[in-house]
Protein chains: 4
Amino acid sequence: MAARRPARAAAANGEVRTGGSGRSDRRAELLRIAAGLFATRGYKQTTVRDIADEAGILSGSLYHHFSSKEEMLDEILRDFLGRLLERFTAIEEQGRDPKQVLDQLIEHSFATIHETPEAVALYQNESGALSGQPGFAYVDQLGRKIEEIWIRALTAGQKAGVFRDDVDAGMTYRFIRDTVWCAVRWYRPRGRFRHEAVAEQYLRVLYGGLVTE
Amino acid sequence: MAARRPARAAAANGEVRTGGSGRSDRRAELLRIAAGLFATRGYKQTTVRDIADEAGILSGSLYHHFSSKEEMLDEILRDFLGRLLERFTAIEEQGRDPKQVLDQLIEHSFATIHETPEAVALYQNESGALSGQPGFAYVDQLGRKIEEIWIRALTAGQKAGVFRDDVDAGMTYRFIRDTVWCAVRWYRPRGRFRHEAVAEQYLRVLYGGLVTE
Amino acid sequence: MAARRPARAAAANGEVRTGGSGRSDRRAELLRIAAGLFATRGYKQTTVRDIADEAGILSGSLYHHFSSKEEMLDEILRDFLGRLLERFTAIEEQGRDPKQVLDQLIEHSFATIHETPEAVALYQNESGALSGQPGFAYVDQLGRKIEEIWIRALTAGQKAGVFRDDVDAGMTYRFIRDTVWCAVRWYRPRGRFRHEAVAEQYLRVLYGGLVTE
Amino acid sequence: MAARRPARAAAANGEVRTGGSGRSDRRAELLRIAAGLFATRGYKQTTVRDIADEAGILSGSLYHHFSSKEEMLDEILRDFLGRLLERFTAIEEQGRDPKQVLDQLIEHSFATIHETPEAVALYQNESGALSGQPGFAYVDQLGRKIEEIWIRALTAGQKAGVFRDDVDAGMTYRFIRDTVWCAVRWYRPRGRFRHEAVAEQYLRVLYGGLVTE
DNA sequence: AATGAATGAGCCTTCATTCAT
DNA sequence: TATGAATGAAGGCTCATTCAT
């Protein structure tokens, strides 16, 4: 404590921070490792030993950084959902017409899959089991807020006559949502199609329809 | 699985139930219970005790019917995938124009979700983890055969000028597949929309596009 | 289940029971082993492996009989305190004058130390840590009921003029209780003094006083 | 412990506190915290983190002051038992008649409970488990010396005709000892009865007996 | 004198599976 | 067919202790 006060004072003074960005580097690295394993093997099937092995430490040492395996899951999901809601909210607020908003929601979704596929896969796979668990109420809550943003855009589009209104908006939302997020299962960040191309092709089918005149 | 269908058919035909047939009934019942639990909690998270409890026996007694928990999973998936491939094959063989084939593939998919949601959910959730495991090579194999049927229909449609060809057929397949099968997560057999209505709405969006003129 | 029904019917018919007293023999034996270890090493310091080792099984196998280590502790204490309160209640109800009641309470206490020293030691050592824990509220409750029986006897004796009343009854109770129950620490069932002798000597000092005249 | 008493005496005498004395102060403070926790939760159940938390440092930092958790226990017990034996020896040496000696032994015991309840409770709870452990032979040794002092007083009283001799002296000692020291479990330094009153009431019952003429 | 990261041994518990009855 | 007891491997977590900084 006292031993570190000088260091902190130095940082506060605006001096250059050598090395990493400080205290929570290790934490962040461990979370990255955990997210990767959780996404690949599933949360339950991933053992704390798996995580520790990949980090090069013993499993018990993880508990110096986190109080439980669940806390890691929590931190990853909270961060992911928080960020996502933030971006979607920004898109809704700045967007003008509903189609532009939907464009951007979809584009950003594919971009998110590109950038943090582990967190997306994790959310896709575990949110079901988490739903209803006391400590993870926020998963449902934030999920609902995100849903509302999409549905507002769709409904507004229907009212404006831009989107067809002979299909239930809620169902349309689920159609789009499932296609978009499930793409995390097959999308490869370094594959043939980049995420922008995937988004573009999806928008073409979605907007124009599969059938020609 | 296919090997046991005759036995069940026999029972349905009103023939005398011998000891063997009764045994088969118990097996089927246990598989139904297992499928339900596997779908809800996930395969790994479901314990043999969960299954036995719901069947009203002790966990050890399950091993008179199955040699392992994995065998249960295997039997459920084999049955499901076999049936599905059978039906899809029939659709492809009898179908004339590509659009009609796609229609029926989609309609049957939603019907399958309606009829055996547990098996669908199970396949959706576990196929990823199973892929690559020696005993479950058939999962990938049958999955590939099914994929080929869909892609043949899409490509034929593009060639015939019915389906737009400025989008990759493989990607279109994945778009459709994800939306269709992921519906198992939210579709409720006794909900507001019946599976025929869901299929119809989806086809409307898919074929005609979301955007009006 | 069905397999055992005949056996039970036989027992109900009054036939001789060969071997042990049936189903819960193993449970009872395991509890005896656990009680002994808990008393000697303390509850926390006793590992489930210790118990299993002494029973000749693996630690995991204990969980076929008990759902947790705590459940063992619970069962032992519940049984002990229940029995004790029952006996004390009987003594109070049948007793005529207060001194006779106190006699018997003390005699029975030493007899209990003689018969189930492990349970007594366990209660002595662990009740403090258990007090306040949700699942062990009954420990305090039954303890309080027992205390009330003793204090009623002492107070009645004071009112009747048999016991000195220049000393607080509650404090007298604690004096007696501590001496009596702490004896479990040094009393040896097969030692020089049998429990009746210990009780008699204690009563002599307690009633007549240490000082002559 | 005894070795450090001079240092503390020095500080108490108002001498200048050097760095060394400050270090000693920290040690003493940490020992006080540890004793309190050991007494409340038990030695084993108290973690070094508990102690460090209450001291406002990290658990690893404790090892600058003590080489192990056991050393803390050792230091506390050595200090307590040493002091106690010292005082009891003084009482025996200056006392004239046996009853006066017993008076003072008992009074000082209750005073000790009043002044250092943590150490008393610690000794009561842990001496059993410590007995026989190599590094803690002194616990048994000093305990035996203390016992001898009490028994000498009781035997002398019996010989002098002051104490009843129809009860075994050893057993009388244990009766008294258990009542006296167990009082630490319920005695509250700021409660209704001060320790002098407790001692007085106990002596009244012990000497005169519970039963009136 | 203290921090923070890590160790390594051990603990309670779970669970698929086996097997005598 | 089913029971009930047991196995053995593993899993999440705790904790006294070490050590470079």
Side-chain angles (χ1 to χ4, degrees), chain A residues 1-5 7 23-27 30 44-52 55-71, chain B residues 19 22-23 26 44-52 55-72, chain C residues 1-5 7 23-27 30 44-52 55-71, chain D residues 19 22-23 26-27 30 44-52 55-72:
Chain A
M1 265 279 152
R4 245 196 8 279
R5 226 176 289 143
R23 224 44 315 113
S24 51
D25 262 11
R26 197 77 175 110
R27 238 183 118 85
L30 292 172
K44 261 266 175 170
Q45 281 90 310
T46 302
T47 73
V48 293
R49 274 171 185 93
D50 290 337
I51 303 170
I57 58 178
L58 289 178
S59 67
S61 306
L62 282 176
Y63 292 80
H64 183 66
H65 303 276
F66 306 95
S67 68
S68 70
K69 181 182 158 189
E70 200 176 279
E71 190 184 287
Chain B
R23 176 189 227 150
R26 194 79 173 112
K44 262 269 175 173
Q45 280 90 310
T46 301
T47 71
V48 291
R49 255 196 76 184
D50 290 336
I51 303 170
I57 58 178
L58 290 181
S59 65
S61 307
L62 279 177
Y63 289 79
H64 283 282
H65 303 275
F66 306 95
S67 69
S68 71
K69 179 181 158 189
E70 203 177 273
E71 191 185 287
M72 296 179 129
Chain C
M1 263 283 156
R4 244 196 3 281
R5 226 177 287 142
R23 222 44 315 113
S24 51
D25 262 10
R26 196 77 176 111
R27 236 183 120 85
L30 292 172
K44 262 265 176 171
Q45 281 89 313
T46 302
T47 73
V48 292
R49 270 177 189 91
D50 290 336
I51 302 170
I57 58 177
L58 289 178
S59 66
S61 306
L62 282 176
Y63 291 79
H64 183 65
H65 303 275
F66 306 95
S67 68
S68 71
K69 181 182 158 190
E70 202 177 277
E71 190 184 285
Chain D
R23 175 188 227 153
R26 192 76 173 117
R27 252 183 104 89
L30 292 172
K44 261 269 176 172
Q45 281 90 311
T46 303
T47 71
V48 292
R49 255 196 77 183
D50 291 336
I51 303 170
I57 57 178
L58 290 180
S59 64
S61 306
L62 279 177
Y63 289 78
H64 283 281
H65 303 276
F66 306 93
S67 69
S68 72
K69 181 181 157 189
E70 203 176 273
E71 191 184 284
M72 296 179 127

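So you know, we letter chains A, B, ... as the sequences are listed, proteins then strands, and number each from 1. All values reported here derive from a predicted model rather than from experimental measurement.
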Rounded to whole Å, please give me the gap between CD in C:E71 and P in E:dT13. 10 Å
Establish, with yes or no, whether the OP1 or OP2 oxygen of E:dT14 is under 4.0 angstrom from a side-chain nitrogen or oxygen of C:Y63. no
Estimated bend of the helix from E:dA2-F:dT21 to E:dT21-F:dA2 (axis per five terminal pairs, rounded to 10 degrees): 10°
Phosphate OP1/OP2 of F:dA5 contacted by C:R27 side-chain N/O (<4.0 Å): no
Under 3.5 Å, which donor-acceptor pairs link side chains of residues 45-52 of chain D to any protein atom two or more places apart or in another chain?
from  : atom 1 : to    : atom 2 : distance (Å)
D:T46 : OG1    : D:L37 : O      : 3.2
D:T46 : OG1    : D:G42 : O      : 2.6
D:T47 : OG1    : D:R49 : N      : 3.3
D:T47 : OG1    : D:D50 : N      : 3.0
D:T47 : OG1    : D:D50 : OD1    : 3.4
D:T47 : OG1    : D:D50 : OD2    : 3.3
D:D50 : OD1    : D:R41 : NH1    : 3.2
D:D50 : OD2    : D:R41 : NH1    : 2.9
D:D50 : OD2    : D:T47 : N      : 3.0

Taking N or O atoms only and anything under 3.5 Å, show me the protein contacts with nucleotides 7-11 of chain F, one pair per line.
from  : atom 1 : to    : atom 2 : distance (Å)
F:dT7 : OP2    : C:L58 : N      : 2.7
F:dT7 : OP2    : C:S61 : OG     : 3.0

Between CD of A:E70 and C1' of F:dC13 the distance, given in whole Å, is 13 Å
Taking the side chain as every heavy atom from C-beta outward, state whether C:I57 and C:H64 have any atom pair closer than 4.5 Å. no
Show the nearest heavy-atom pair for residues B:R26 and B:H65, with the distance to one decimal. CG-CE1, 3.5 Å
When rounded to whole Å, the CZ to C1' distance for the pair B:F66 and F:dT1 reads 14 Å
side-chain hydrogen bond (donor to acceptor under 3.5 Å, both in side chains) partners for A:S67, two or more places apart: A:E71
In terms of the nearest nucleotide of DNA chain E, which residue is placed more toward the 5' end: B:S67 or A:H65? A:H65
